[in-house]
Every structure is written in structure tokens, then in C-alpha cells.
There are 2 protein chains.
Amino acid sequence: MCVTLGFRIRQWQAIAKCCHQAYNIGTMSSPKRTTIYDVAREAGVAASTVSRSFSDPRRVNATTREHVLEVAERLGYRPNPLATALQSGRTATIALLVPDITNPHFFGTIRGAERRASAAGVTFILGYTEESADNERNQIERLARSVDGFVLAASRMPDSTTTELAREHNLALVNREVEGLPSAVFDNGPGSWQIVEHLASLGHRSLVYLSGPHQSWLAGERWRALRSGAEQRGMTATRLGPFPPRVVGGGAAADAALVAKATAIVAHNDLLAIGVLRRLTERGVRVPQEISVVGYDDIFGADFCVPALTTLAGPHEEAGSAAVELLLEKASPSATRAAPRRVTLPSHLVIRDSTGPAPA
Amino acid sequence: MCVTLGFRIRQWQAIAKCCHQAYNIGTMSSPKRTTIYDVAREAGVAASTVSRSFSDPRRVNATTREHVLEVAERLGYRPNPLATALQSGRTATIALLVPDITNPHFFGTIRGAERRASAAGVTFILGYTEESADNERNQIERLARSVDGFVLAASRMPDSTTTELAREHNLALVNREVEGLPSAVFDNGPGSWQIVEHLASLGHRSLVYLSGPHQSWLAGERWRALRSGAEQRGMTATRLGPFPPRVVGGGAAADAALVAKATAIVAHNDLLAIGVLRRLTERGVRVPQEISVVGYDDIFGADFCVPALTTLAGPHEEAGSAAVELLLEKASPSATRAAPRRVTLPSHLVIRDSTGPAPA
DNA sequence: GTGAAAGCGCTAACAG
DNA sequence: CTGTTAGCGCTTTCAC
């Protein structure tokens, strides 16, 4: 095969010319894609009419349009999204920026976002920021012209940077709130209170929160809710950490909780909780008899680790799709200039085997 | 805020004109982005020189270039990838098409592919095909103009379709081989033989393969290898299924294996294996005392399910990055016309607690 | 309702 | 080494 790339046509022709040897060029696709001009010529109309037939059907006579469409079909015409984007500024593309794909937490979000985008005929770009605010910013700058907007999942950027970027870019947030920006978040307050109530009902008088990264907005929200909930129940709440929100973080986190004489541990997320479980097992501490453990997210695996993890579950897919929805709304030409919407999604506690009565 | 979208400038201006009310337009970014022409004018050179300064530095006098770059920097110039792509045909973008994001199997591949693309300054589009060959094909058609090539992970398309598409598009495969196309696969033969040997050494005289989808190339490869390996060891091998390669598929799969009086089960992937484990536990069958279970992939969770899963691990990230590499190679203007490369990655058996001596 | 014409921002011959 | 000149394929006024 010579070159089947379909791009760099010019070069391809050059190569084809000097190497028409054994290559069966006959089977190659025609070097030039068909454009609106080809369709226009064949249909006996102007290019603009072809364009309109696709992009704004009602501004063209039904009969003409049908004819144009038929010709386009016959010629195998496909609009070139790049040309459309360059001219119109609309790319019909959005990007989702995620801190870390290793974390199953985001799988639901990614899936939901991709689905929603796909359903809207919008192409979906995925970027990882490696937990760094700088990377996040760079990605945004780099992709700016290529997308209509960004969904930032668990963004690590400070509010000020985000606000500043929002002046030039179309942003929507997941699991993060910033004044003036659309966002989809779980109800961290009520959700965390469910955890507190569950623990309180089991007779626990205190809880230890094993915190995630300090730049994490979520960690702050969760801690605030946990503390206020505990206060209301007359329980004491302690924050330890930060710990890396991954399984490996669980070792140090568990040890710290043990030193703090915790009877109930609330981990920043399930990954950390699973790490804690593992460390506790290693050290011969029985869960939940001696200590109870709760996580956040209900990730894949939370139901089959041992003991199965009690965790606060939330509709992650919905969060992803809602954020895309908000972005699309904002980006739509008919966008209302109303205050950006904030969507709050309900979370619920899934009680499994890692929580039990407080030790006597 | 009025409109911060940075796109649809024309419309934006229109809106701005008729709604210059309370909106603090002053804080908006300038409506027109700076282009090479702005830079050219300011730097006192031609636009083409600016262009060359960025895209082909050595074809420009070092001093001029430095000056141009400095001016560009000062003006906050950012190249518009869309314009570049439209003109040159190079989009500096690739797409990865994955059957199902729910399957942790692909996380490594996605991560590896994103990383490699990112490292090459190539933007990364992710698409899901929902396990359907048609969707796969549609995605390719739709994205064709927007990307330089596609990585197809565990493609569901028949060889003929793939070959046909490869005439017009730049393709690379992961976990799939098709004549004439570059691909990155694990060494399914030697890998599966490791499984057989492990089982044989534990005294098993037979094994049951719980198969994945019939269109799955992998399922065929694994079965072939398992069968030939078993034959060499004088073991009998039976193929059951197909089963959906997910946890839920494990119920029926386990029951089928039980009916077949299996002493050793090899599941198509870890997801299925975990489902099998769960069902076996439900039915009171002890693993590995009564029956041994092996999976493929070593996904997240394989180490903390109970019993921890013996599984064939492979470098999934590498597979993803290798495929991107192959694509980039093929897409590069200096691409050799040599036969497309096939990369085979080594897999290795991770022995955990789900396999043990054959029951007497 | 339709056509002509002017670009979107950039690259790539081709001269000089 | 650098400038001039055409476009890439499409959308969008602006006339008719």
C-alpha cells in the first residue's frame, strides 16, 4: 500500500507520482474530497445554497434542498468540520479535563460526559491534568480554539484563576463550585450528614476524617459538612491529613487514624478507604468490630473489597452529563444571559460491611 | 456577564450592541484574537515568516525568528489549530475508539494513549462505540476530517470492514490484528500457556474457558492458545459461552462451569472472573479448594477481591502508547512505506489466591 | 429564496 | 532567507 492517510494530499500526490510501482493506486480513495462546490456544480445551484441546505434548512426551498441533499448523498459529500469551525467559530467539540484517570472516581463522569456530548452530536476531547493546576491551565490555552468549551472535573485551580479563565473561555465545573460559573455537584452537606447519622446511630461518639489534597475543594466541603454534622450530634470530629487520595495513601492514613484512637474513620474517597482497609487488615485490626470505615464515591470494587465498603454513592454519570448540558446551554446561540445554573445531585449512603457498632 | 464564550464573535458583537446594558463589557477579552498578520505587521515582516518561525524554525534567520517570537509573545499570539489543519491537512489530533468505558480493562490503554499523544503535542479525542461495529464505523466517518488517525481498541469490526476503512483512514489497532495494519497486542499464546502450565503444575487435568463475545478477536486468540497449550500438556479444554465480559456475566458463566464439572476456570477477563467468584461464593463453592479461577488483565480490584484473583497481567498502558506511536509513525511525513509494524507486548501471570491444587 | 463575493487564520508554492 | 500570492472548505453578509 502506498499511503492511505487521507491527509497531506499534496504530498501524497507527489509520492504517488514518483512511486507508482507495485502500489495498487487504483484502490485508493480519490485524492480530493468532495466539497460543497462539487455538490453545487452537480446540483446546479450556488455553494451557499448547499451550505444552507445543511446548516439552516428552512432558509432554502424544500424542493431545492431535497435535490441538493440527494446530490450530496450521491457524491458522498461530507462536511468538513474544520472549515465550518474556522469560519463560524463553532467547533461542535467540548473537552473534559480530569485530574487523574487512574482514579475510578472519574469513570462515571467521563462516561456521562461522553454520552451527553455524543448525543448532541458534539465531539468529545479528553485531557488529563495530572493533578496540576498548571497543566490544567495549559490544556485550556492549548485547546481554546479547538473547542466550544471545557468541563473541569474536580479542578485544582484556585477560584481566582478559574474566574479569570472564565472570562475568555466557556467553562462548566463538576465537583467544584466557583462564583459565577455553572457547575454540577453532589449535595456534600446532606450526603455527609447521612454518614454522621449512620455513625451516630451505631453509637460512635467521634469520627476522624482522612482528608484529601488541600487544594481539593471537595475535601474542604466534606470536612465542613462532617464537622457541622458531628457538632449537631454532639460528636467530635477530627481532620487528619492530607493524604494522597489513592490506595497507597491508605497506609499512612490508617496509621494516623489508629494513633488518634479513632473508632470511626471517614476517608476522603473509596480509594483511600480501600487502602485503609488493607492496612488495618495487615495490622490485625478488625473492621468493623474495632473500627468502622466509610468512603465516598462507591467506585467499582467498593462492593467486593473486604469487608465491603460503606460509602456515599452519587450519580457520577449524571454529574458528567449535567455539566456538558450546562456547557451546551451556555454555548448555544440562544443562550439566556441568566445567572449560570448550578445543578446539585443527590447522594445516598450505601451501607455495607465496613461499619458497625462502636466498640464498647 | 454578557457572553464570555470567545466564539461566535460576529454574533457576540451583535448581542453586545443591542444589550449594552448592565453587562460589564469592559472585562471581556478583546473580541478579535491576534493572528499572524498582527504579529507580522508589528514585527515588520511577512505573515509567512511568522508562520515559518513557528512551524519550521530553521528556515528562518535566527535573529528574525527571535524577534518574531518576542513580538508574538508580547501580543499574546496563539496559533489557531483549526486554520492550520484546514490548510495543511494535519490536525495534530488522534482519536481512540473504545468499545466500553465501563470496563476497567481499557483504563490503562486510555491512559497510555493519552499520555503518548500528549507528549507528542497531539490532542486526544476519546470515543465510545458501545460494543457496536456500526457505531465504530460511524465515529470514524464523522471524525475523519478532524483527526490524523484512529486507534481502535478491541475493535468489533470484521477484518473486511477494517481493511476497507484502512484504505481511507489512518488506523492502528490494540488487542486486535488485521493483515496489513499496525497493531499492538499482548502475546496471547505464551501468556495463555503460562496459565495452562500453572494449572497443570497444580495437578489440574482439564480447564474450562468461559468465553467473551464471539466477535471478539481476543476471545478467539485466547481460546486457541488455551486449547493448544492444554493439548500439549495432555489436558482437556472446553469452551463455554459466549458470556458478556462483565461482572454480571459471571453468574451464568459460573453455573455453566459448575455443570461442566470444571476444576479450573479460565475467564475471558477479570470482570467476568470476579462475577464468577461472586457466584461461586453465593453457591457455597470454595475457591480454590474445590475450583480454581483465573482471569485476564489484572484490572483494578483483582488484588483485593476475595479470594484475590490469579490473572494474566499485561502492560496496558504500553499497549495504548505503542498504538499511538505506530499511528504517529505512519502519519508522519517521513513515514517509511515499510510493512506496518506489529508490536507484541509480554504478559505475565500474577498468582494470587484464586488458584490452588486440583481437588482429589 | 438564491447567488456572488469576501473572508476565517493559516500554509505552501514560487519568486526574488 | 523572506515576501507575494493563492487558496484549504465553509459560512455569511449583501444584493437581487
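By convention in this document, chain letters (A, B, ...) are assigned in the order of the sequence lines, proteins followed by strands, and residues within each chain are numbered from 1. Remember, it's a predicted structure, so these values are computed and weren't measured experimentally.
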Problem set entry | OP1 or OP2 of D/dC10 under 4.0 Å from side-chain N/O of A/S88 |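 For D/dC10, OP1/OP2 do not have a side-chain N/O of A/S88 under 4.0 Å.
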For this session: Would you please confirm or rule out a distance under 4.0 Å between OP1 or OP2 of C/dT2 and any side-chain N or O of A/T49?
Result: no
[X], nearest nucleotide to its side chain (from [options]):
X     : options                : value
A/Q87 : C/dG1, D/dG3, D/dT12   : D/dT12
B/N80 : D/dG3, D/dG9, C/dG9    : C/dG9
B/Y77 : C/dC10, D/dG3, D/dT11  : C/dC10
B/Y37 : C/dT11, D/dT12, D/dT2  : C/dT11
A/S48 : C/dT11, D/dC10, D/dT12 : D/dT12
A/I36 : C/dC10, D/dC10, C/dT2  : D/dC10
A/A83 : D/dT11, C/dT2, D/dG9   : D/dG9

For this session: Hey, which sits more toward the 5' end of DNA chain D by its nearest nucleotide, B/L86 or B/R52?
Result: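 Nearer the 5' end of the strand: B/R52.
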Using whole Å, report how far [atom1] of [X] lies from [atom2] of [N].
X      : N      : atom1 : atom2 : result
A/D56  : C/dG1  : CG    : P     : 11 Å
B/R90  : C/dG9  : CZ    : C1'   : 15 Å
A/R33  : D/dG7  : CZ    : C1'   : 19 Å
B/L82  : C/dG7  : CG    : C1'   : 15 Å
B/R59  : D/dT2  : CZ    : C1'   : 11 Å
B/R145 : D/dC10 : CZ    : C1'   : 12 Å

Problem set entry | Pairwise distance CG(A/L327) to CG(A/L152) - rounded to 0.5 angstrom | 10.0 Å
Exercise. Measuring from B/R167:CZ to B/T162:OG1, what's the distance to the nearest 0.5 Å?
Worked result: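 Rounded to the nearest 0.5 Å, the CZ-OG1 separation comes to 11.5 Å.
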For this session: In plain terms, say whether A/R341 and A/E325 are close enough for a salt bridge, that is, a side-chain N and a carboxylate O under 4.0 Å apart.
Result: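 Looking at A/R341 and A/E325, the cut-off is not met.
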Would you mind classifying the nucleic acid contact of [X] as base, sugar-phosphate or nothing, using non-hydrogen atoms under 4.0 angstrom?
X     : result
A/S51 : base
A/V45 : sugar-phosphate
B/T35 : sugar-phosphate
A/R78 : sugar-phosphate

Seminar exercise, completed: Every stem of 3 or more Watson-Crick or G-U pairs under 3.5 Å that DNA chain C joins, in order of first number, is C:1-16 with D:1-16
Exercise. Under 3.5 Å, side chain of B/D100 to main-chain N/O of B/E131, donor-acceptor pair present?
Worked result: no
For this session: Tell me yes or no: between the side chains of B/T163 and B/E179, is some donor less than 3.5 Å from an acceptor?
Result: no
Problem set entry | Between A/Q139 and A/T129, a side-chain donor and acceptor under 3.5 Å |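 Per modelled atom types, A/Q139 and A/T129 side chains form no pair under 3.5 Å.
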Problem set entry | Side-chain touch B/T93/B/D148, heavy atoms, less than 4.5 angstrom | no
For this session: Please name the pair of heavy atoms, one in A/V174 and one in A/V151, separated by the smallest distance, quoted to 0.1 Å.
Result: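 Taking A/V174 first and A/V151 second, the nearest heavy atoms are CG2-CG1, 3.7 Å.
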